[in-house]
There are 2 protein chains.
Amino acid sequence: MFIRMEGSEAQPYFLRVAAGVRRAIAEESVAPGERLPQAKELAEGLGVNLHTVLRAYGVLRDEGLVEMGRGRAVRVAPAASAGRARVAEMVERLAAEARRWGLAPEEAGALVTEAMR
Amino acid sequence: MFIRMEGSEAQPYFLRVAAGVRRAIAEESVAPGERLPQAKELAEGLGVNLHTVLRAYGVLRDEGLVEMGRGRAVRVAPAASAGRARVAEMVERLAAEARRWGLAPEEAGALVTEAMR
DNA sequence: ACCTATTTGTCCGTATGTATG
DNA sequence: CCATACATACGGACAAATAGG
């Protein structure tokens, strides 16, 4: 699995690293559930700092593309969890926000239905 | 405006700082559009590092509660933008994700409506 | 059940970049 | 053009959770 910095050089390193890993996943050069290079190694390989890679991985975790945690390896999220679970989480967050701003349940639902057409 | 660390001591600093600022906003001890303390000052006041505060502010920006940028002060987001615009953005993101995973428009809308009851 | 190595998570410090006013 | 203040990157240190023996 080859990972390189991706995207415009104007972008910050951590986003370019994230883009590189994202591409590797998209191209399926890494399978779901499989290990990604540990942060330290990847950092050395790319010539950037450990923290920069950790931040990049963090971005991908927020996107639901990878799973990671202390003492564990970074792995490509299983397709199932990257799907159902991820959508469910976004639904929860949106529902909370919509409620906070006084939208009715049907209103919020309609917004989403509309946005998808 | 008084800002203190909030929440369990088991939580990381940056989350406790974020919680403290969030509370100050919620209590309306800071008005929308008003300046929040600059990161460096707040860091000194709380006895934590500058980065810790910047990270906390970053969390709040992701939540849409504050606006910030290079060379600008950190300000409480105007109520309007923290409302309509924010929900709209989340709707867009959810729609994109739901489409990606093959959900029908009505399905996604129903999930949201359901989640709000 | 214990110990140990591995690996991410957080925090601090410092330096430099860069958009804003 | 200059001062301000956030943004990124690097480096070091230690904590904490996991996995393996």
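Reminder, nothing fancy here: chain letters follow the sequence lines and each chain counts from 1.
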Exercise. Taking atom CZ of F14(B) as the centre, report whether more than 12 heavy atoms of other residues, nucleotides or ligands fall under 6.0 Å from it.
Key: yes

Quiz prompt | Gap between atoms CZ and C1', on F14(B) and dT10(C) respectively (whole Å) | solution = 8 Å

Quiz item: How long is the line joining CD of E44(A) and C1' of dT7(C), in whole Å?
Solution: 14 Å

Quiz item: Between the main-chain N or O of P105(B) and the side-chain N or O of T113(A), is there a donor-acceptor pair closer than 3.5 Å?
Solution: yes

Quiz item: Does the side chain of L36(A) reach to within under 4.5 Å of the side chain of M68(A), using non-hydrogen atoms?
Solution: no

Quiz item: To the nearest Å, how far apart are Y57(A) OH and dT10(C) C1'?
Solution: 19 Å

Quiz item: Reckon R61(B) touches a base, only the sugar-phosphate, or nothing at all at heavy-atom distances under 4.0 Å?
Solution: sugar-phosphate

Practice problem: Provide, to the nearest angstrom, the distance between the CE atom belonging to M68(B) and the P atom belonging to dT18(C). | Solution: 18 Å

Quiz item: With a 4.5 Å limit on heavy-atom distance, are the side chains of M90(B) and E97(A) in contact?
Solution: yes

Quiz item: Whole-Å distance between dG9(C) P and N49(B) CG?
Solution: 19 Å

Self-check item: E67(A) CD - dG9(C) C1' separation (whole Å)
Solution: 17 Å

Quiz item: Looking at T52(B), does any N or O in its side chain come under 4.0 Å of the phosphate oxygens OP1/OP2 on dT10(C)?
Solution: no

Quiz item: Nearest nucleotide by nearest heavy atom, which residue falls closer to the 5' end of DNA chain D, A73(A) or A73(B)?
Solution: A73(B)

Self-check item: I3(B) and V17(B), any side-chain heavy atoms less than 4.5 Å apart
Solution: no

Quiz item: Judged by atom type as modelled, is there a donor-acceptor pair below 3.5 Å linking the side chain of R75(A) to the main-chain atoms of E34(A)?
Solution: no

Self-check item: Spacing of L50(B) atom CG relative to dT10(C) atom C1', expressed in whole Å
Solution: 15 Å

Quiz item: Start at the 5' end of DNA chain D and walk down; is the nucleotide closest to H51(B) or to K40(B) reached first?
Solution: K40(B)

Quiz item: In whole Å, what is the span from the CD atom of Q38(A) to the P atom of dA5(C)?
Solution: 16 Å

Practice problem: For E9(B), look at atom CD and say whether over 12 heavy atoms of other residues, nucleotides or ligands are found less than 6.0 Å away. | Solution: no

Exercise. Heavy atoms of chain B, cut-off under 4.0 Å: which first and last nucleotide of DNA chain D, 5' to 3', fall inside that, if you could look?
Key: dT4(D) to dA9(D)

Practice problem: Scan R35(B) against the nucleic acid and name what it touches under 4.0 Å (heavy atoms): base, sugar-phosphate only, or nothing. | Solution: sugar-phosphate

